[in-house]
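Reminder, nothing fancy here: chain letters follow the sequence lines and each chain counts from 1. What you are looking at is a predicted structure, and each value in this text was computed from that prediction instead of being measured.
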2 protein chains.
Amino acid sequence: MIINKTQSYAIRVLELLAQKKDILISAKKISQNLDIPYKYLTRVMTKLSESQLVNSYRGKDGGFMIAKEPSEIKLKDIIDIFSNESPHQCIYGDGSICSQKTKCTLHDKWQNSKESINESFLNTTIQELVK
Amino acid sequence: MIINKTQSYAIRVLELLAQKKDILISAKKISQNLDIPYKYLTRVMTKLSESQLVNSYRGKDGGFMIAKEPSEIKLKDIIDIFSNESPHQCIYGDGSICSQKTKCTLHDKWQNSKESINESFLNTTIQELVK
DNA sequence: TTTAATTACTATATTAAAGTAGAAATTACA
DNA sequence: TGTAATTTCTACTTTAATATAGTAATTAAA
């Protein structure tokens, strides 16, 4: 896949919260609505909250709300939160063999594909998913 | 990553075998040459052999040889051998929610990126990596 | 025909991602 | 002030990918 499961969960959550802008929604409801395992979701939500893409409200009647204009949130912002991979990874691994200096045989081809994806992540906002 | 570790191992193996066309090379040598764990590599090699991208020769002085013209082996041929994912996966998973009929919100964008990658896999042959 | 070097097979171990469980901290409201 | 509903924290479990280990099968050559 292009992105992992956790990342796609997070994108879908923000899509939902964008649809319900200015309304508090609990993790329980998000979980039911999007069919994402509740306990796993709560951890995703905590990270989204730490990253200030959503605001969280604790306690009774608490929940989550999108923290920015949907048009201000790029897919890349979300994806990066749940990403650990070094961005320039090629078939020769982590940069020790393949680097800008000593490119691996696929470096340029890879880079093109990656840039195409990355560009898509950069210029797609949550706004677009909602309408 | 775009591809997983096993897939990149396999690509590098075929790159090497293409460089040593018509020469038998043992798994041990491949392992040393490419710094791929020996035991893991042997299983990758068995699969490449089953898929007839390489010919295997057992017994003393045995080893592996590329089985086709490097120009005839597409990256996609190699990648597909070590791939289990359904090819049209979007953020809504495996096709039950997102399909051609009921597209997910990112379906078209995703498809573009995927096609760009896929095209690259399809029109890049091992030949290109060697020169 | 024996030996050594190899591929092939099968089982197990390690690691990272995904998922689950329980309880602490917080808060609205009766 | 007590209770119930929530987020947050910490630990554990499961699953899939990657890696390791041991041995069987094969084969060239002494």
TODO: Send over the distance from A:Asp35 CG to C:dA18 P, rounded to a whole Å.
DONE: 16 Å
Task: Closest approach of A:Gln52 to A:Ala67 (non-hydrogen atoms, all atoms of both residues) - done: O-CB, 3.6 Å
Task: CG-OG1 distance between A:Leu75 and A:Thr124, expressed to the nearest 0.5 angstrom - done: 5.0 Å
Open item on the list: What residues from residues 52-64 of chain B pass a heavy-atom cutoff of under 4.0 Å to DNA chain D?
Closed with: B:Arg58, B:Gly59, B:Lys60, B:Asp61
Open item on the list: What's B:Thr42 touching, base or sugar-phosphate or nothing? Going by heavy atoms closer than 4.0 Å.
Closed with: nothing
Open item on the list: Students should find this one: the first and last nucleotides of DNA chain D, 5' to 3', lying under 4.0 Å from a heavy atom of chain A. What are they?
Closed with: D:dA4 to D:dA11
Open item on the list: Between P on C:dT15 and CG on B:Asn4, what's the gap in Å once rounded to a whole number?
Closed with: 19 Å
- [ ] Mind listing the closest non-hydrogen atom pair of A:Phe82 and A:Asn4 along with its distance?
- [x] O-ND2, 3.9 Å
- [ ] For B:Tyr9, report the nucleic acid contact type (base, sugar-phosphate, nothing); a contact means any heavy atom under 4.0 Å.
- [x] sugar-phosphate
- [ ] Round to the nearest Å and state the distance from B:Gln32 atom CD to C:dT6 atom C1'.
- [x] 14 Å
Task: Euclidean distance, A:Asp77 CG relative to A:Ile11 CD1, rounded to 0.5 Å - done: 10.5 Å
Task: A:Lys39 NZ - C:dG22 P separation (whole Å) - done: 9 Å
TODO: Rounded to the nearest angstrom, tell me the gap between atom CD in B:Glu50 and atom P in C:dA8.
DONE: 8 Å
Task: Connected-component partners of A:Leu24 among ILVMFWY, side-chain separation under 4.5 Å - done: A:Tyr57, A:Met65
- [ ] Write down the atom of B:Leu17, the atom of B:Phe64, and the distance for their closest heavy-atom approach.
- [x] CD2-O, 4.1 Å
Task: Minimum-distance pair of heavy atoms, taken over all atoms of A:Val13 and A:Met45 - done: CG1-SD, 3.6 Å
TODO: Could you check if a side-chain atom of A:Tyr40 sits within less than 4.5 angstrom of a side-chain atom of A:Tyr9, using non-hydrogen atoms only?
DONE: yes
Open item on the list: Could you report the tightest heavy-atom contact between B:Thr125 and B:Ser71, atom names first, then the distance?
Closed with: CG2-O, 3.4 Å
Task: Within residues 21-34 of chain B or reaching into it, pairs that qualify as side chain to side chain donor-acceptor pair (under 3.5 Å) - sequence neighbours excluded - done: B:Lys21-B:Glu69
Task: DNA chain D contacts among residues 16-24 of chain A, heavy-atom distance under 4.0 Å - done: none
- [ ] Figure out the OH/C1' separation between B:Tyr40 and C:dT7, and round it to whole Å.
- [x] 18 Å
TODO: Among residues two or more places apart or on two chains, list those pairs meeting salt bridge (charged side-chain N to carboxylate O under 4.0 Å, His left out) that have a residue in residues 44-59 of chain A.
DONE: none
TODO: For B:Ala27 and for A:Thr6, locate the closest nucleotide of DNA chain C by heavy-atom distance; then report the residue assigned to the nucleotide nearer the 5' terminus.
DONE: B:Ala27
- [ ] To the nearest Å, give me how far apart NZ (A:Lys47) and P (C:dA17) are.
- [x] 10 Å
